[in-house]
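Data first, discussion second: the structure below is written as C-alpha cells.
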Protein chains: 2
Amino acid sequence: MTEHELQQTLRDRGQRVTPQRILIHRAIGELDRHASAEEVLARVSESLPNAALPTVYATLELFEELGMVRRVSTGVGPTLWDPRTDDHQHTVCRSCGAVEDLDVGIDAERLLRAARRGGFRADSAELLVGGLCARCAH
Amino acid sequence: MTEHELQQTLRDRGQRVTPQRILIHRAIGELDRHASAEEVLARVSESLPNAALPTVYATLELFEELGMVRRVSTGVGPTLWDPRTDDHQHTVCRSCGAVEDLDVGIDAERLLRAARRGGFRADSAELLVGGLCARCAH
DNA sequence: CTTTTTGCAAATGATTTGCATTAAC
DNA sequence: GTTAATGCAAATCATTTGCAAAAAG
C-alpha cells in the first residue's frame, strides 16, 4: 500500500491522517523485515523524537486490520510485524528467536473452510516451523 | 505416556523422579485440555499446596522436550499446553483467546524439509487459524 | 554426601490502560 | 468546536532469575 492509498483508506474509514501513522508506515517499509514494536519506534524516533510506544502498538494493530502487515507471535521474544503480506510462512529459532521467511505454500483456504465448520469466523492462517537456526545449532 | 514410563524416562536421563513431576503429569492428564501454567498449578495445588509456578514452567518445558505436551503460543493470553501430541492444529479466537482443536492434517514433513534447506534444524510445525470464535462473533 | 530440584521473592520484558493534552478535521 | 489520537506514567500480565533450603539418589 502506498502512502497515498493509506491516506485515502484512513479518510474513507473516518480516521485521521497523522504524522505518526504516515511515519510508522514509512518506517515499516524502510525496515523491510520482521520488526518488533520497539524497533519500529526506534526508526520512527529518528524523525519524530517524541513518538511513544503505545502509539506504535495501536498503529501496528490498525495496519494489521488494513492488511498492511502480518503479526507474527512466536512465543520467544516480542511479537514481530511482517511487511510481507503475501502467502508465505516462517521459521522460528527456539534459542535466539530469529524469524525467517519460509516460502512454502499452504492451502489456507482449505484450512479456513475447515475451521469455519464449527462456527468459527476464520480469517487468517499462520504456520510456524520451530527449531534451531543454523547459527544456534552450531 | 504412562506414569511408569515417565519415571523410567527420567531415570534414563539421569533426572529425578519428584512428586511435583508426577503430579504435574497427572494434572495434565486429568485437565485433558489446553491449559495455562497457572491452570496446571491450580490443579496441582489441590494435592500439593506449596507447589510453585516456576516449577510448573520448568516441568512443562521438560515434558515438551519429552514429547508429552505441545506448547501453543497464540499471542493472545498466556501460552497454553496441549496434552494431545498427535497431528492436529488449532484455532485461536483473537477476542477471547479461546483455543480449539482443528483436525486437519498438514504435510509437516514437507514443511520441515523445506525449512531445513536453509540450514535450519526444524523439528516442529504449528499451524494457527486466527479469527473469532462463534461466541465472540455474536 | 552430592547434586538436582524446589519454593520464594524479586526482577524482567512486553504490552496495555488511564487520562490529560494535543491536533485533525 | 468536536472528537480522535497522542504521549506519558503507571499498571498489568506472563514468565524468568537468583538463591538458599529441601530432598532424591
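Just so it is clear, the structure is predicted and the values come from calculations on it, not from any experiment. Order of the sequence lines fixes the chain letters, A, B, ..., with proteins taken first and strands second; residue numbering starts at 1 for each chain.
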key: Counterpart residues, side-chain contact (heavy atoms from CB on, under 4.5 Å), relative to B/Ala58 (two or more places apart)   = none
ask   = Between which nucleotides of DNA chain D, 5' to 3', does chain A make heavy-atom contacts below 4.0 Å?
value = D/dT3 to D/dA9
request  = Just call it for A/Leu48: base, sugar-phosphate, or nothing, with non-hydrogen atoms closer than 4.0 Å on any strand.
outcome  = sugar-phosphate
query = Heavy atoms under 4.0 Å, any strand shown: does B/Pro49 hit a base, just sugar-phosphate, or nothing?
reply = nothing
The single option from B/Arg71, B/His88, B/Arg33 passing side-chain hydrogen bond (donor to acceptor under 3.5 Å, both in side chains) against B/Asp82 = B/His88
message = Quick check against the 3.5 Å criterion: does A/His34 have a side-chain atom that pairs as donor or acceptor with the backbone of A/Leu80?
response = no
query = Starting at the 5' end of DNA chain C, which residue's closest nucleotide do you reach first, B/Ala52 or A/Gln20?
reply = B/Ala52
inquiry  = Taking any heavy-atom pair under 4.0 Å as a contact, classify A/Gln15: base, sugar-phosphate, or nothing.
reply    = sugar-phosphate
inquiry  = Heavy atoms only, 4.0 Å cut-off, all strands: where does A/Ala51 land among base, sugar-phosphate and nothing?
reply    = sugar-phosphate
inquiry  = Could you tell me how far apart B/Arg11 (CZ) and C/dT5 (P) are, to the nearest whole angstrom?
reply    = 13 Å
task = Look up atom CD in B/Gln15 and atom OG1 in B/Thr9, then write down how far apart they are to the nearest 0.5 Å.
result = 10.0 Å
Proximal nucleotide (of C/dA14, C/dT6, C/dT2) relative to the B/Arg16 side chain = C/dT2
query = Under 4.0 angstrom, heavy atoms only, what part of the nucleic acid is B/Thr79 near: base, sugar-phosphate, or nothing?
reply = sugar-phosphate
query = With respect to B/Trp81, which candidate in B/Val40, B/Val72, B/Leu60, B/Val56 satisfies the side-chain contact (heavy atoms from CB on, under 4.5 Å) definition?
reply = B/Leu60
message = Taking B/Arg13 first and then B/Glu65, would you say they form a salt bridge - that is, a charged N and a carboxylate O separated by under 4.0 Å?
response = yes
request  = Decide, yes or no, whether a salt bridge links A/Asp107 with A/Arg113 under the criterion of side-chain N to carboxylate O below 4.0 Å.
outcome  = no
Rounded interatomic separation in angstrom, taking CD from A/Glu61 and P from C/dA14 = 17 Å
message = Would you say A/Thr18 places a side-chain N or O within less than 4.0 Å of OP1 or OP2 belonging to C/dA23?
response = no
request  = Let me know, please, whether B/Pro19 or B/Ser36 comes out on the 5' side of the other along DNA chain D by nearest nucleotide.
outcome  = B/Ser36
